[in-house]
Colleague: 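What follows is a single structure, and I will ask about it in a moment.
Only heavy atoms go into these numbers, but all of them, side chains included; no hydrogens, no water, no symmetry mates.
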Amino acid sequence: MLANLKSIAVQNAAKKLWAISAARSMSTPSSTSPNGRQNIVLVDGVRSPFLLSGTNYSKLMPHELARHSLLSLLRKTQVDKELIDYIIYGTVIQEVKTSNIAREAALAAGFSDKTPAHTVTMACISSNAAITTGMGLIATGTYDTIVAGGVEFMSDVPIRFSRKMRSLMMRASKAKTMGQRLSLLSTFRPNFLVPELPAVAEFSSGETMGHSADRLAAAFNVSRKEQDEYALRSHTLAKQAEEKGYFTDLVPFKVSGVDSLISKDNGIRVSTMEQLGKLKPAFIKPHGTITAANASFLTDGASACLIMTEEKAKQLGLKPKAYLRDFTFVSQDPVDQLLLGPAYGIPKLLKKAGLTLKDIDTWEVHEAFAGQIVANIKAMDSDWWCKTYLGLSEKYGAPDMSKFNNWGGSLSIGHPFAATGVRLCMHTANRLVREDGKLGVVAACAAGGQGVAMLLERYPGATAN
């Protein structure tokens with residue numbers, strides 16, 4: 001028993017020592033991580049321009065967007081597609097013709113039919129789930145080289161007949177006689193033709209995410225002014241980053257039938273507080289605070305990244321962007337705490353890694369709504385909330401806003417649900433280089449009251465190209 005306790009103490013001390021050294025120094029890395037497994041690296045990543053749904057991607061199919069990201073990743077990394085062991089893609093609103101879109105996109109991109117591929121879905125953190133699933137496959141020694149990504153196509157969502165109509169049509173397909181068909185026809189009612197539209201709503205509660213965001217903002221006393229100020233900040237910083245050429249993960253796309261090359265995100269719009277203040281509430285009327293301007297918009301886009309063991313990267317002569325150090329997923333009440341994933345996930349991740357808020361040099365947190373971002377920050381900085389829900393003795397504290405989403409975020413760049421996770425990781429990796437940081441945290445909320453937090457460490461010699 002005493003020997004076991006000593007062993008645990010030694011392991012904890014070693015983990016804490018790594019955390020401190022990772023935060024304060026950039027010494028030459030070993031080939032293994034603190035847990036004794038091989039280091040896993042983010043080699044590079046790409047994304048299509050993120051476009052408002054219904055614009056220049058509207059005539060495509062989602063697997064074509066995913067294909068573009070796969071081919072762009074291969075061109076950027078110069079890695080032979082035959083070296084890819086496995087492909088994982090996230091998606092949320094599925095095109096039923098390509099339900100395993102990872103496989104269909106891989107085949108369309110010319111990958112070998114011997115390369116396995118599967119699709120995951122976890123709402124807005126689907127590509128985070130793709131990356132972390134890949135990390136698990138690498139950590140177990142199953143594979144060395146994995147492509148993880150995500151795609152969302154909101155320009156053409158599946159709209160179904162009502163369930164009554166679907167049932168009638170299924171029974172009609174099995175009817176063998178005219179009498180059976182006429183009998184079924186007599187049960188038809190005009191309201192059977194009312195279609196079922198997909199909605200950004202919780203199945204468990206029936207509440208739209210916008211309504212939940214409005215209630216969350218009210219619960220944390222987040223004013224309309226605070227939300228509009230944050231939205232303006234997001235668009236302003238995104239525009240500045242775009243003009244400085246910082247979005248090096250973005251790969252232009254030539255879409256058939258569209259005259260010009262699509263080379264920019266088209267949702268970035270710098271406005272004024274006066275203009276934002278004129279917009280009416282979008283969900284809870286007339287007293288809500290969520291508007292079209294301080295909420296993320298429906299977006300089309302795809303992303304992909306290459307992850308592998310550090311040893312494999314060295315063998316291939318690749319220069320990674322970052323180490324993928326750690327991650328955690330959280331879940332909580334989907335009714336009253338739907339969008340509080342970051343407030344739960346960040347403290348849990350940093351405790352796991354033996355780090356504090358001050359050790360983090362870059363923050364990339366998904367912006368579903370401006371009210372959601374401000375509410376999460378206020379939650380982490382609240383004695384009552386942290387004592388009640390995190391079991392802490394005092395407030396956890398708020399991230400340093402001078403290090404927070406400095407290139408804008410989902411409110412401005414766009415939010416193709418399943419593609420955002422890769423963008424967050426790539427912006428973290430590239431910001432660590434440009435801002436001379438060492439450790440970065442990615443965090444996001446997701447439908448179902450879930451969330452993710454990930455820890456990345458800048459790779460020695462990494463570039464932001």
Side-chain angles (χ1 to χ4, degrees), residues 22 26 29 31-34 37-47 69-70 72-79 83-90 125-139 143-150 246-251 302-328 349 353 360-364 366 407 419-435 437-444 452-465:
M26 288 295 292
S31 61
T32 58
S33 62
R37 297 174 181 151
Q38 290 195 77
N39 283 322
I40 300 173
V41 294
L42 170 64
V43 175
D44 212 334
V46 298
R47 64 180 178 90
S69 63
L70 287 173
S72 298
L73 181 66
L74 293 176
R75 283 193 293 266
K76 189 174 184 183
T77 60
Q78 295 296 298
V79 171
L83 295 175
I84 305 302
D85 296 321
Y86 204 93
I87 297 170
I88 311 168
Y89 255 73
I125 55 177
S126 292
S127 57
N128 301 89
I131 293 170
T132 55
T133 300
M135 290 171 67
L137 291 170
I138 292 172
Y143 298 113
D144 288 325
T145 306
I146 290 177
V147 169
Y246 287 172
F247 294 163
T248 55
D249 57 326
L250 187 153
V251 180
S303 60
C305 66
L306 179 62
I307 67 174
M308 61 179 66
T309 62
E310 183 181 23
E311 182 179 351
K312 188 69 173 181
K314 288 178 177 178
Q315 290 175 5
L316 297 175
L318 298 171
K319 185 183 292 184
K321 294 276 190 181
Y323 291 108
L324 295 170
R325 284 303 190 195
D326 214 337
F327 65 88
T328 190
L349 174 72
I360 305 306
D361 300 299
T362 69
W363 297 92
E364 282 291 332
H366 164 51
W407 293 356
T420 290
V422 170
R423 179 194 66 77
L424 292 169
C425 288
M426 287 309 302
H427 280 199
T428 296
N430 288 330
R431 280 185 56 203
L432 285 172
V433 174
R434 293 193 183 275
E435 297 169 15
K438 301 175 182 65
L439 295 175
V441 165
V442 165
V452 69
M454 300 175 66
L455 178 67
L456 280 69
E457 179 187 352
R458 176 181 169 188
Y459 194 84
T463 62
N465 56 12

Colleague: Should Glu457 and Lys438 be marked as a salt bridge (Lys or Arg N to Asp or Glu O under 4.0 Å) after you check the CA-CA gap, both sets of side-chain angles, and the distance that decides it?
Modeller: CA-CA 6 Å; Glu457 179 187 352; Lys438 301 175 182 65; over 6 Å; no
Colleague: Keeping the roles fixed (side chain from Asp361, backbone from Leu439), state whether a donor-acceptor pair exists under 3.5 Å.
Modeller: yes
Colleague: Verify whether one side chain among Tyr89 and Ser69 offers a donor that lies under 3.5 Å from an acceptor in the other.
Modeller: yes
Colleague: Looking only at non-hydrogen atoms, find the nearest pair between Ala462 and Lys321 and report the distance.
Modeller: CB-O, 3.4 Å
Colleague: How many angstroms lie between CG in Leu318 and CG in Leu306, if you round to the nearest 0.5 Å?
Modeller: 7.0 Å
Colleague: If the test is side chain to side chain contact (heavy atoms under 4.5 Å, CB included), which one of Leu324, Val442, Leu349 qualifies with Leu455?
Modeller: Leu349
Colleague: Could you tell me if Arg47 sits above the aromatic ring of Phe247, with its cationic atom closer than 6.0 Å to the ring centre and no more than 45 degrees from the axis?
Modeller: yes
Colleague: Hey, does the side chain of Ser126 reach the backbone of Gly90 with a donor-acceptor pair shorter than 3.5 angstrom?
Modeller: no
Colleague: Roughly how far apart are Leu432 CG and Tyr459 OH, rounded to 0.5 Å?
Modeller: 15.0 Å
Colleague: Are the side chains of Ile131 and Cys305 in contact, using a 4.5 Å heavy-atom criterion?
Modeller: yes
Colleague: To the nearest 0.5 Å, what is the distance between NZ on Lys312 and CG on Asp85?
Modeller: 7.0 Å
Colleague: Would you say NZ of Lys319 has more than 12 non-hydrogen atoms from neighbouring residues, nucleotides or ligands within 6.0 angstrom?
Modeller: no
Colleague: Can you check whether Val452 reaches Thr328 side chain to side chain, under 4.5 Å on heavy atoms?
Modeller: no
Colleague: As a test of understanding, state which of Leu42, Leu250, Thr248, Leu456 forms a side chain to side chain contact (heavy atoms under 4.5 Å, CB included) with Met426.
Modeller: Leu42
Colleague: Is any side-chain heavy atom of Leu424 closer than 4.5 Å to one of His366?
Modeller: yes
Colleague: To the nearest 0.5 Å, tell me how far Ser303 OG sits from Leu73 CG.
Modeller: 10.0 Å
Colleague: So how far is it from Arg434 CZ to Asn430 CG, rounded to the nearest 0.5 Å?
Modeller: 7.0 Å
Colleague: Can you check whether Met454 reaches Arg325 side chain to side chain, under 4.5 Å on heavy atoms?
Modeller: no
Colleague: Hey, could you give me the CD1/CD distance between Ile138 and Glu310, rounded to the nearest 0.5 Å?
Modeller: 12.5 Å
Colleague: Under a 4.5 Å cut-off applied to non-hydrogen side-chain atoms, are Asp249 and His427 in contact?
Modeller: yes
